[in-house]
Number of protein chains: 2
Amino acid sequence: MGADLIADLAAALPAGTVLTDPDLRRGHQHDEADLCPSGPPAVVVRPTDADQVAAAVRIAAAHRVPVVPQGARTGLAGGANATDGALVLSLTGMDRILEIDPANRIAVVQPGVVNAILARELAGHGLRFPPDPSSWESSTIGGNVSTNAGGMCCVKYGVTSEHVLGLEVVLASGERLRTGRRTPKGVAGYDLTRLFVGAEGTLGVITEITLALRPVAEPALTLVAVFDTTAAAGAAVAGIAAAGSTPSLLELVDRVHLAAIEAYLAGAVGGRGGTLGLRTDAAALLVAASDTGPRAATELAEIEAQCRAAGAGEVYAATDPTEAEALLAARRLAYPAIEHAAAAAFPGGNGGVIVDDVAVPRTALAEVLDQIAGIADRHGVTVGVVAHAGDGNLHPNILVDRADPDSVARGRAVFDEILEVALAVGGTSTGEHGIGLLKRDWLAQELGPVGVQVHQAIKQALDPENLLNPGKVIGW
Amino acid sequence: MGADLIADLAAALPAGTVLTDPDLRRGHQHDEADLCPSGPPAVVVRPTDADQVAAAVRIAAAHRVPVVPQGARTGLAGGANATDGALVLSLTGMDRILEIDPANRIAVVQPGVVNAILARELAGHGLRFPPDPSSWESSTIGGNVSTNAGGMCCVKYGVTSEHVLGLEVVLASGERLRTGRRTPKGVAGYDLTRLFVGAEGTLGVITEITLALRPVAEPALTLVAVFDTTAAAGAAVAGIAAAGSTPSLLELVDRVHLAAIEAYLAGAVGGRGGTLGLRTDAAALLVAASDTGPRAATELAEIEAQCRAAGAGEVYAATDPTEAEALLAARRLAYPAIEHAAAAAFPGGNGGVIVDDVAVPRTALAEVLDQIAGIADRHGVTVGVVAHAGDGNLHPNILVDRADPDSVARGRAVFDEILEVALAVGGTSTGEHGIGLLKRDWLAQELGPVGVQVHQAIKQALDPENLLNPGKVIGW
């Protein structure tokens, strides 16, 4: 059947589109998630237009072979993981920016356009597409849309779905659906656009995206505040929100990450050495920015006042955009630094990091940080937390020794207990990484039986044969 | 069967909840839409909690009687119209504000809370729920959510759906579903919240709403610009957007409305007389505002420059919030004034106004205004246009003599041709009023066959017996 599938695909699609090289297939087996199963696909199809996507979907349906859509595979929940024998649809070849319309502030793109490439094109028109996941230099707009990706911008500008006006989608039937609109405003019919955004390829394959753009932001002013307790940092975040400030970025870096970042800078950056002079004995650092132009200095002063009222020991404000960018450096280094710390903690090349992602009410931030510290202690596991603090989105990074099944099991236990805590305080199982394979059980718990049943009813209505990315999100 | 239904309802629900008085039933027959059929309901149920809603839905299902949810019936598309023998579920009794959480910037409300009452409560906490439909003094949050209502705020703050975090919904099965979250951020599972927002009660009955709030806006500065041609006004709107300005309001009032407003003020306001001194020979007025605090004066100057560059003859800027409010008066009077003009044009008490609502790309605004003028001339019908110009949302108001079938037929023809024009320029059949009964055929045309099929598949998945508000939006 595999041979028939490939022959049918090769007959229907242009040369170079149907890829069967074993190394290439293995290279498309999974995304960057941990703890998720995957299997080698039977074939990788790399279409260049929606007709080819539709043809591939119809042929896969005829052979009853699952279709797994993929972008740059930078996802962190296994949503793009292949299964043994599946057809991987790699959308990276559909990488054209079809239209930029400055007067109407929209862009129309294919799904394989890389976020950073679009950002640079748009900047030339004085425009931007706000979502800025940390993978933005390599991740695709299609992947951003399918996972409803976030980033540091979200505290002010929201996740990806808030910037998508319309879609073209190839359905499980091979039919092409257009959703949404090109106008700034419109409420006609059910909001199918939002249904497909964040559905992780389980309801259809996105082949074109109409984006709502914003004017480029004014240069941001930035400050860093140092706290001796996580409670004080949490109180500052709540105070900033309660005071009505609208920071364009409000990030938290915890003690574990501070130490990791300083160690990383001191030793590991190609021998260049030097540190940021961060106080590694602090419990937490908050990084805040305001991009409100002439108003930014006032807003930043208000934020500083909230930090001091909550007990910040020191506050450093950048006096210009260059210095502001330098203050953000610590936050940007958090992930490479914690990976380096894991490698140092478990010699032999087996140190690894399990990345978690939960979102909680802003006011629960300090409590959840303390509970995470307690969970880590109880299991004897190192957990560092970076957070998009302004919107309560935490990334607990769990250090494990991949060569030691006990270490991995304890890491997994910590991961699960953190999710329990997040749901218990009224939070959600994912702030921006999505459900994929990683959190299906947690989604079911969050939704409850009626929520699961409605998800399944919608999946069955749009994909009755369970052809599209089966097993992901709500899969069976 | 009607008697059985009522007996079953009365047995299951508290006294005073099941209403059968004929006048009261007739009073719940329709909303404020024109051109839409309606019929007297068999019974009006006025529940005070979700359990009662669920009980009513289950009993209606057992009797195979359609359920028509209603708020304040201020809708303009017939989405709340009853049919002969239906069960009307009036949610106006579920009018409690359950929670306001300033630190997390959320509110939890029952659907029957009136927009203006919530607005006043929130203002006391320095917060607001932006959507400001012109019906805001009487319309309910549940109605705003079910129709995805808009208003003047949308050019900067978006329609209702952008401010809803989560819902409780009673499904056709009588089960209670919770969607969404209480956290600022979250991407877990399909976006069911957005699926129910704007579904006009066809997929479930909304019984609780979690709203995302914003800090109160700073006092806005406002200007009015006068244009001799609609082309110039349209060019100004496009120029303002292209320049990257973010007005908090950008409204257009056309010549027909200018004359109507001046006539209304001169004669009809309880004999108080006096006019705004508007130039009734102008082709269009633009009203713009900026609420960016200390930045507002600069932003308004940029907007003024764009208006002058596009050919505005005169520009009046308010120097304080009181004067700004006075400048908005003309826009706010547009609807009562045009109703007055219709009454004057067709003596005998039969003059009426058919209110239309389309949205087009900003850059098509001037062209669409000209085409509407052409259509009106061709049919010998008076059409005035007010527009949320900043987001391309036009309300053509069509004057008819209700006593004259030919006048109504010509009005209807104008209505249809305006929709044709809107779709032809890449627009949509409704910017903020919804589909209801009024625009089902136009929605089908806008969606195309695949879009209709997907709408129907979702409707069937969630409401297999076609129990909930049948015939609305995508109904059959």
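Residue numbers begin at 1 in each chain, while the letters A, B, ... track the order of the sequences.
Contact of the Ile458(B) side chain with the Leu192(A) side chain is registered, since non-hydrogen atoms from C-beta on lie closer than 4.5 Å. In this structure the side chain of Thr147(A) never reaches within 4.5 angstrom of the side chain of Val187(B), judged on heavy atoms. The shortest distance between side-chain heavy atoms of Val454(B) and Leu171(A) falls below 4.5 Å.
Between chain B and the options Lys459(A), Arg181(A), Glu175(A), His433(A), the largest number of non-hydrogen pairs under 4.5 Å is found for Glu175(A). Of the residues considered (Ala242(B), Ala243(B), Ser161(B), Gly244(B)), Gly244(B) shows the highest number of contacts with chain A, using heavy-atom pairs under 4.5 Å. In terms of heavy-atom pairs under 4.5 Å with chain A, the best-connected choice from Val197(B), Leu203(B), Leu462(B) is Leu203(B). Heavy-atom pairs under 4.5 Å with chain A peak, among Gly293(B), Gly239(B), Gly198(B), Ala103(B), at Ala103(B). Among the candidates Val159(B), Val360(B), Ile240(B), the residue making the largest number of heavy-atom pairs closer than 4.5 Å to chain A is Val360(B). Each of Thr430(B), Thr160(B), Thr428(B) has some count of heavy-atom pairs under 4.5 Å with chain A, and the biggest count is that of Thr430(B).
In this structure, the portion of Ser245(B) lying under 4.5 Å from any heavy atom of chain A is its backbone and not its side chain. Of the atoms belonging to His125(B), not a single heavy atom falls under 4.5 Å from chain A. Using a 4.5 Å cut-off between heavy atoms, Glu200(B) does not touch chain A at all. Interface remark: Glu446(B) contributes side-chain atoms only to the contact with chain A (heavy atom separation under 4.5 Å). The part of Arg176(B) that comes within reach of chain A is its backbone (N, CA, C, O), which places non-hydrogen atoms under 4.5 angstrom from that chain.
When every heavy atom of Ala359(B) is checked against every heavy atom of Lys185(A), the shortest pair comes out as CB-O, 3.4 Å. Of all heavy-atom pairs spanning Thr246(A) and Pro215(B), the tightest one is CG2-CG, 4.4 Å. Taking all atoms of both residues into account, the shortest heavy-atom contact from Arg194(B) to Asp191(A) is NE-OD2, 2.9 Å. Annotation for Ile435(A) and Gly189(B): closest pair CG1-N, 3.8 Å, computed over non-hydrogen atoms. Closest approach of Ala461(A) and Ala457(B) over heavy atoms only: CB-O, 3.7 Å. Between Asn104(A) and Arg362(B), the shortest heavy-atom contact is OD1-N, 2.9 Å.
Note: Gln453(A) CD to Leu177(B) CG = 9.0 Å, rounded to the nearest 0.5 Å. Distance check, rounded to the nearest 0.5 Å: CG of Leu443(A) to OH of Tyr190(B) gives 9.5 Å. The CG atom of Asn393(B) sits 8.5 Å away from atom OG1 of Thr183(A), with the distance rounded to the nearest 0.5 Å.
Judged by distance alone, with hydrogens and angles left aside, the side-chain atoms of Arg105(B) form a donor-acceptor pair with the main-chain N or O of Ala241(A) at under 3.5 Å. Between the side chain of Asp391(A) and the backbone N or O of Pro184(B) there is no donor-acceptor pair closer than 3.5 Å.
For Glu218(B) and Arg295(A), the salt-bridge test passes: some basic side-chain N is under 4.0 Å from an acidic carboxylate O.
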